[in-house]
Amino acid sequence: MSVFGPDIVDKARQIIARYPESRSALLPMLHLVQSVQGYVSRAGIEFCAAQLDLATAEVSAVATFYTMYKRRPCGEHLVSVCTNTMCAMLGGDEIFAKLREHLGTPKKPLANEDTAGRPGEPGSVTIEHAECLAACDFGPVLQVNYEFYDNQTPESAVALVDALRRGEKPAPTRGAPLTDWRTVSLELAGFYPEDEDVFRSQVDGPSAAGETLRGAQLAQDRGWTAPTMPDDAPLPSVDKTGAK
Ligand code: FES
């Protein structure tokens, strides 16, 4: 019997109906199968291929290209630590190393995308390093199931994963309340809690903070404005090599 029951087949049909071509539905379909098993399994790839009339090789090519699709089972929570340039300079590498050490054993720190605990069970945590999460002004940052925790230190990151391991869901710095990896995967497939009004009111948390708005505020306070573009400004020319 397929792990993808009638309710998932029904959701797959709803996703496919959003697009003029069924193959365009592949990305949300991969999130959908990920919401069932916590990763994109071989069975998930075959399910997507059958629903979308694609070859399994085509589905597999997409599933292995994007890092948001996991090929190994994830924990209840996915912890993504930004180790890109700005966060790395501010301590992101130390945070990632500390979490690997803390969640692993003294002899064997966790590797990237390894899980502490049994995948899918309450309190299990998968860690990964992430490229820039577009929150450099709050660095170093990490995300749990794509919700932000800003201005982290190795100590605060350890306290956060310890809380997750105990089954707690500490409030993110901004955005929606914390759920879990499979629920977020379902939301990324386009399916939200039944009471959408409640869901939207939760998501309407603070999304910008003083650090992000500081430049615009300074310009406003000082009366700075951007020069207007003349209507007849020539478009930049491009030569055959692509150089401007
Ligand atoms: S470098 Fe970490 S959010 Fe940009």
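Counting starts at 1 for both ligands and their atoms, following the listed order.
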Margin query: Taking salt bridge (Lys or Arg N to Asp or Glu O under 4.0 Å) as the definition, give me every residue that meets it alongside Glu128, ordered by chain and number, with sequence neighbours left out.
Written below: Lys70

Notebook entry, point to check: Pick from Glu187, Arg182, His77: which one makes a side-chain hydrogen bond (donor to acceptor under 3.5 Å, both in side chains) with Asn145?
Noted result: His77

Margin query: Using a strict threshold of under 4.0 Å (side-chain N to carboxylate O), is an ion pair present between Asp137 and Arg214?
Written below: no

Checklist line | Listed partners of Thr85 passing side chain to side chain contact (heavy atoms under 4.5 Å, CB included), at least two apart | finding: Met89

Checklist line | Residue list, ring pair (Phe, Tyr, Trp, His ring centres under 6.0 Å) with Phe4, at least two apart or on another chain | finding: Phe47

Item checked: atom 4 (Fe) of ligand 1: protein N, O or S atoms [distance under 2.8 Å] -> Cys132 SG, Cys136 SG

Check: Which class fits the ring pair Phe96 and His129: parallel under 30°, tilted 30 to 60°, perpendicular over 60°?
Finding: perpendicular

